[in-house]
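Okay, so here's the structure we're looking at.
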Amino acid sequence: MTYTASEVFDFVEQEDVSFIRLVFCDATGKQKNISIMPSELRRAFADGISFDASAITGFGHEEKSDLLLFPIPSTLCVLPWRPSHGRVVRMFCEICYPDGRPYEKDPRRLLTEAVAAAKEQGISVQIGSEFEFYLFKTDEEGEPTDKPFDKAGYMDIAPEDKGENIRRQICLTLLDMGLTPESSHHEEGPGQNEIDFRYSDALTAADQAMTFRMVVKAISAQNGVYADFSPKPIKGESGNGMHINLSVKADDGADYSDAFMAGILQHIPEMTAFLNPTEQSYCRLGEKKAPKYITWSPENRSQLIRIPAARGEYRRIELRSPDAMANSYVAYALLIRAGLDGIMRRLVPPQPVNINLFKADKSVKDSLPTLPESLDQARKIARESDFIKAILPPDYIL
């Protein structure tokens, strides 16, 4: 259900809501929130709730550090793992300066602007992401250990797959919150799991990504285990990816998927610092089905972009390099902008590389362009990119 402000007031009163979490994320994508009481809700909608931007990563310095959170009523959602009496709800927020101007480093706003730019070109982009994460045992004090929760492998079942009931609980919680996971299963690594979402509009998809990580962490902790989304939790085992599926629709009915993909392929080196934002990200790329080369191919999991075997509304572009440490709002915004650039310039993708790049001869691979090999290299490319400078505010976490 999509709520208006007046409906939020009614809901809070009628459903015994005691706490309202106003949610946003910092420049890196880490979720932040402030809780207010129902008595402060009207003030939040009318005047905003202030916070110290200098304490938020990537947001600013001590001088003129006050920013305001304005809740977005349509994003109201109950947190079902909190008490049923004195319930807790959550709303995502817009971030503004005290004079009412939108805050230019608000990650959600960056995506909103990218979606608006696509709409101006008669384009809509649907996004669905596949999230991988590890479950680790915890010690007596509840701190994570380096011991995986199980030793199961790809799509194994219980009792080898000990995460089955946790994934079930996560999916049911997501359903209670109005989110619809598409599938879930055990992944290749010991203790590694995957839950996928069916595509939705880009802004909803990014909100879902934020909610998903919160739910996984909360439900895992309730079950005495630790959920780890980092790109390479265990050396030598599969890394955690966040494969991003993009479906491009045009008002004029034309198929611009190839040009959209060509734009992503052209700009991917410039975007990689934001799609793979940690040092550990570059330990994942290039092994265990994580891509290294800037190539594409149908149905080929050794490529940067795979075109899955799907028809009609399920036809999509699957980008396999991003990991879940990325800020989903920024990642989706950059991908949309890159794709729009490809459409505007009528770019044509290179020929597909229809071979297994993990087994290909070195002489073949040496001729292919590659993703940045380190975070420092990726950041340098991003800092020098006119494409990035035109989209992101200056010094955006680089």
Side-chain angles (χ1 to χ4, degrees), residues 2-3 5 8 12 17 19-38 40-62 64-79 82 88-116 127 129 177-179 200-218 229 242 274 277 324-334 391-393 395-397:
T2 299
Y3 293 88
V8 169
V12 167
V17 173
F19 294 94
I20 299 137
R21 288 190 186 179
L22 305 184
V23 174
F24 64 104
C25 72
D26 67 16
T28 70
K30 185 175 182 180
Q31 183 166 311
K32 303 288 185 178
N33 73 241
I34 182 172
S35 292
I36 62 172
M37 307 299 285
E40 300 299 311
L41 187 56
R42 291 191 181 277
R43 178 168 73 91
F45 278 118
D47 303 317
I49 300 296
S50 66
F51 69 98
D52 177 6
S54 69
I56 304 298
T57 301
F59 270 24
H61 304 289
E62 284 75 8
K64 295 185 177 179
S65 60
D66 287 343
L67 290 175
L68 298 171
L69 296 175
F70 288 88
I72 302 168
S74 62
T75 64
L76 177 73
C77 183
V78 174
L79 303 187
R82 302 299 296 160
V88 179
V89 298
R90 172 226 71 192
M91 283 183 283
F92 289 106
C93 295
E94 295 178 344
I95 306 175
C96 295
Y97 286 104
D99 63 6
R101 288 179 296 126
Y103 182 55
E104 66 275 5
K105 290 187 178 181
D106 177 1
R108 198 175 190 276
R109 179 169 183 80
L110 292 170
L111 179 55
T112 301
E113 292 172 347
V115 170
I127 296 178
S129 292
M177 298 176 73
L179 282 68
S200 58
D201 69 274
L203 201 56
T204 298
D207 287 345
Q208 287 179 343
M210 292 287 294
T211 302
F212 173 77
R213 286 188 283 259
M214 174 183 65
V215 170
V216 170
K217 291 280 190 180
F229 286 93
M242 182 181 71
F274 300 95
M325 300 308 289
N327 183 328
S328 297
Y329 296 108
V330 176
Y332 297 171
L334 291 175
I391 299 168
L392 299 182
D395 302 322
Y396 194 88
I397 74 167

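This structure is a prediction, so every number in the text was calculated from the model and none was measured. Any value given below was found using the heavy atoms of this structure, including those in side chains, with hydrogens, waters and symmetry copies removed.
- With rounding to the nearest 0.5 Å, the separation of CZ in F19 from CD1 in I36 is 11.5 Å.
- Between Y332 and S129 the shortest heavy-atom distance is OH-OG, 2.6 Å.
- Here S50 contributes atom OG and I34 contributes atom CD1; the two are 7.0 Å apart, rounded to the nearest 0.5 Å.
- M214 contributes atom CE, which lies 7.0 Å from atom CZ of R21 (distance to the nearest 0.5 angstrom).
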- [ ] Would you check, one step at a time, whether the test side-chain contact (heavy atoms from CB on, under 4.5 Å) holds for L203 with T112?
- [x] CA-CA 7 Å; L203 201 56; T112 301; 3.8 Å; yes
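- Looking only at side-chain heavy atoms (C-beta outward), S35 and V88 stay at 4.5 Å or farther from each other.
- Atom SG of C77 and atom CE of M91 lie 11.0 Å apart (nearest 0.5 Å).
- For CZ of F45, the number of neighbouring non-hydrogen atoms (other residues, nucleotides, ligands) closer than 6.0 Å is greater than 12.
- Ring orientation note: the planes of Y329 and F92 are nearly perpendicular, at an angle over 60° on the 30°/60° scale.
- Taking each heavy atom of F70 and A46 in turn, the nearest pair found is CE2-O, 3.8 Å.
- Scanning both residues, P38 and I20, for their nearest heavy atoms gives CA-CD1, 3.7 Å.
- Within the 4.5 Å cutoff, the side chain of L22 has no heavy atoms near those of the F51 side chain.
- Counting all heavy atoms, side chain and backbone alike, A205 lies closest to I127 at CB-O, 3.5 Å.
- Across all their heavy atoms, C25 and M210 have their closest contact at CB-CE, 3.4 Å.
- Looking at heavy atoms from C-beta onward, K30 lies out of side-chain contact with T57 at the 4.5 angstrom threshold.
- Of the inter-residue distances, the one linking T211 atom OG1 with L179 atom CG reads 5.5 Å to the nearest 0.5 angstrom.
- The salt bridge (charged side-chain N to carboxylate O under 4.0 Å, His left out) pairs that include a residue from residues 102-111 are R108-D207, R109-E113, where partners are two or more places apart or lie in different chains.
- Ring planes of Y97 and Y103: perpendicular class, angle over 60° (limits at 30 and 60°).
- In this structure the side chain of L68 never reaches within 4.5 angstrom of the side chain of D47, judged on heavy atoms.
- Remark: side-chain polar atoms of N327 are paired, donor with acceptor, to backbone N or O of D26 under 3.5 angstrom.
- Across G58 and A27, no two heavy atoms sit closer than the pair CA-CB, 3.9 Å.
- Contact annotation: the side chain of K217 approaches that of F229 to within less than 4.5 Å [non-hydrogen atoms, C-beta and beyond].
- Ring-plane geometry between F274 and Y396 is classed as tilted, the angle between the planes lying from 30 to 60 degrees on a 0 to 90 degree scale.
- Between L69 atom CG and N33 atom CG the span is 9.5 Å, to the nearest 0.5 Å.
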